[in-house]
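If you scroll down you'll find the structure; I have some questions about it.
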4 protein chains.
Amino acid sequence: MDKSHRKSKKESIIAAGLQVFSQKGFHDARMEEIAVAAGIGKGTIYEYFSSKSQLFQEIMSISINSYYESLDIKNINELPFKERIQILLTGHLQYYIENKDLSRMVFWDVEIMDEELKEWSNKLRKDKQLLMTEIINQSIANGEIRPLNPRLLAYLIMGTFTSFWAPIAIDAEIIDPETTAEIITDIILNGIQP
Amino acid sequence: MDKSHRKSKKESIIAAGLQVFSQKGFHDARMEEIAVAAGIGKGTIYEYFSSKSQLFQEIMSISINSYYESLDIKNINELPFKERIQILLTGHLQYYIENKDLSRMVFWDVEIMDEELKEWSNKLRKDKQLLMTEIINQSIANGEIRPLNPRLLAYLIMGTFTSFWAPIAIDAEIIDPETTAEIITDIILNGIQP
Amino acid sequence: MDKSHRKSKKESIIAAGLQVFSQKGFHDARMEEIAVAAGIGKGTIYEYFSSKSQLFQEIMSISINSYYESLDIKNINELPFKERIQILLTGHLQYYIENKDLSRMVFWDVEIMDEELKEWSNKLRKDKQLLMTEIINQSIANGEIRPLNPRLLAYLIMGTFTSFWAPIAIDAEIIDPETTAEIITDIILNGIQP
Amino acid sequence: MDKSHRKSKKESIIAAGLQVFSQKGFHDARMEEIAVAAGIGKGTIYEYFSSKSQLFQEIMSISINSYYESLDIKNINELPFKERIQILLTGHLQYYIENKDLSRMVFWDVEIMDEELKEWSNKLRKDKQLLMTEIINQSIANGEIRPLNPRLLAYLIMGTFTSFWAPIAIDAEIIDPETTAEIITDIILNGIQP
DNA sequence: AATGAATGAGGATTCATTCAT
DNA sequence: AATGAATGAATCCTCATTCAT
């Protein structure tokens, strides 16, 4: 029997956990429910994960990595600032659309249990922040954008990114990532003055 | 027994709940702990609130109202767009600074229990969104700002507002609300092109 | 309502625990069963004891103390050796008869959980051993008994004490403590030679 | 596959069980741990033993038999009483010294699971008791020892035997079986009067 | 009105045992 | 015969809620 054709048991637990955790949140998710969703017995989860906490942590880790991978920012550095923002935002919106439930956990679940996971999550946020700040600094140096507080601009850009989650994931608003990214980038670049 | 006594008891429960909920989150907060923090017996909470959920909901409601009141947006409508944004953002940042723990609950806790509360919270968000959209529409009509998708601009502005929470509440960054709001408003108005 | 007339709740839990633990042993005893035996709810036990382990430990402690108190060895020091042994053995046998289930826990349950409790139980055993050794040393000094290894004599005497548990508690042998103690003491004093 | 291979596998399970059971006691011993100690798979134990209980029982049976065999009481009947007691006690002490962990199980673990095993263990105890009583009766008949309650003397002797377990197995006291047996026998024979 | 002792539903986790390979 | 992945019954413990005082 070809195992590769069937989801490995660990993978199906992760998939089930992803679904249940992102729908119910960490506390209201029941291990039993995850097991049922994975089509396995309760005890089997503990063959692959030592605890509910650890399962959640691993799922978070995978999810966040999947987000970064989805951005696919290989040679983004060579592009002009405008393109960069546009590409990043497009990817971000795409990710929201494709991972409605998941993205809640990834971008909004602050009430995480483990101190360790909390720190890790904060570090990730700061890293993202730093990356954006760097991009901005480069572009200021390039003369692409006018001199301004890079940290504050980074907040503006990343806050804008984040703000799309609720309309997409909760209100099920239909958004075209490409067009939306274009418009937002235009506003950021040119402002809103007539 | 006069009413002021009774009122103060309910208020002290709310104050205690505010403190405990915002520090530990809904799930990790214990009714006992809230009672102790309020200096009353466990059972007494149930004289004033029918359940943990309802207590949380009421506290959320109060907190969000306190936020709106803190913005003090009475005659904001008569001001030019720039001032409006600046005032709103200043107030918002001020609120973060003065209510670090609380603001997490108010702006970030999505993992709320009751379906009812969830809907209410979503409605609030949409109202805010709508309010901002309206302001934008007015200002476009006024000619204060150029014609652009008001919904997307609203996302940009409100996302920017929200993005300051983590640095202030988690990273304890020191931010001057006034100056910060000025810079951000300038970017929104004029863009970042050289 | 006069509380003193009713067993305090804690006492009834201890009594119930005593019964269940001594019948089933620590591992096979169920908290629920103890609660039922105490005529209370499961959760109530945890109002008085932090865990199953701690409940067991406290019961052991009480039981062993009750044994020592039952011996009532106040002014035993002034009696001749023969009387002392006889009185101690009589008391010991009496205790077995009156506390069949309990005595198993007190004298035989080696498979105890907590390292702490184990150490405490071992210390008690050694103390008993020491006490007996001292009595023997005194009596040798008195010339009441001939010079011999006091440690080994202590083992003999205390082993003899212990050996009555199984016949009394398990086989339900009927034994008259007074007469039995007399006979045993006679053997110890005079030996078995014709 | 020859039988010697199979036999060695069963033996290695027994050896592993012996080790784990005597170190941790029945309840805290894990089948997995026994399997690992035996160098085999968990499931394999069930090829040779129907359950944890049955494995324990078989190990107990073997252990107790090994104890009796270790006493090597072939033609002990022809010896005088003094020698018999001395030889039995020497062997007993020797067994304690050589089987510190095991002897706990064999002589002290009352908290056994199966009713069946409990009965078997009790029967063994009574048999030992009876054997000793018989020896005593013979010796009284012989005129080797004076007439006295044989049952009580048996308790004294066997209790003395048992009392050495704790000092040897727990306190790691160093004891010379031969000398110790001699002294104890002397006390039993001649008493402790000056 | 206020209390806190009592409750028991609910849930994470363990581990002996099974069974497909 | 040997295995170990899978299972789910069993159990401790928590904590929101109740209610007698």
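Since the model is a prediction, treat every value here as computed from it, not as a measurement. Numbers restart at 1 for each chain; the letters A, B, ... are given by sequence-line order, proteins then strands.
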- Query: Starting at CD1 of D:Ile45 and ending at C1' of F:dA2, how long is that distance when rounded to a whole Å?
  - Reply: 12 Å
- Message: Taking any heavy-atom pair under 4.0 Å as a contact, classify A:Tyr48: base, sugar-phosphate, or nothing.
- Response: sugar-phosphate
- Item | Partners meeting salt bridge (charged side-chain N to carboxylate O under 4.0 Å, His left out) with B:Lys100 (sequence neighbours left out) | none
- Message: Between C1' on E:dC15 and CZ on D:Phe26, what's the gap in Å once rounded to a whole number?
- Response: 12 Å
- Query: What is the distance, rounded to the nearest whole Å, between atom CZ of A:Phe49 and atom C1' of E:dT14?
  - Reply: 18 Å
- Task: Of all the heavy-atom pairs spanning D:Ile40 and D:Ile13, show the shortest one and how long it is.
- Result: CD1-CG1, 3.5 Å
- Message: Treating B:Ser61 as the side-chain partner and B:Gln57 as the backbone partner, does any N or O pair qualify as donor plus acceptor under 3.5 Å?
- Response: no
- Message: Expressed as a whole number of angstroms, how long is the span from D:Phe56:CZ to E:dA16:P?
- Response: 14 Å
- From CD of C:Glu47 across to C1' of E:dA6 the rounded distance in Å is 7 Å
- What string of B, S and - do you get for nucleotides 8-13 of chain F 5' to 3' if you count protein non-hydrogen atoms under 4.0 Å? BBBSSB
- Item | Residues which pass side chain to side chain donor-acceptor pair (under 3.5 Å) with D:Arg30, listed by chain and number, not counting sequence neighbours | none
- Task: Return the orientation label for the C:Phe21 and C:Phe26 ring planes: parallel under 30°, perpendicular over 60°, tilted otherwise.
- Result: parallel
- Query: Any side-chain N or O of C:Lys9 less than 4.0 Å from the OP1 or OP2 oxygen of E:dA6?
  - Reply: yes
- Query: Quick one: salt bridge (charged side-chain N to carboxylate O under 4.0 Å, His left out) partners of B:Glu32, sequence neighbours excluded?
  - Reply: B:Lys42
- For DNA chain E, what is the dot-bracket line, given that a base pair needs Watson-Crick (N1 to N3, plus N6-O4 or O6-N4) or G-U wobble (N1-O2 and O6-N3) geometry with both distances under 3.5 Å, and | means paired with another strand? .||||||||||||||||||||
- Could you list the residues that satisfy salt bridge (charged side-chain N to carboxylate O under 4.0 Å, His left out) with C:Lys9, not counting sequence neighbours? none
- Just how far, in rounded Å, is P of F:dT14 from CD of B:Glu33? 15 Å
- Task: Would you mind telling me which of B:Trp165, B:Tyr68, B:Tyr67 makes a ring pair (Phe, Tyr, Trp, His ring centres under 6.0 Å) with B:Tyr95?
- Result: B:Tyr67
- Query: Between C:Val20 and C:Ala29, which heavy-atom pair has the shortest distance, and what is it?
  - Reply: CG1-CB, 3.7 Å
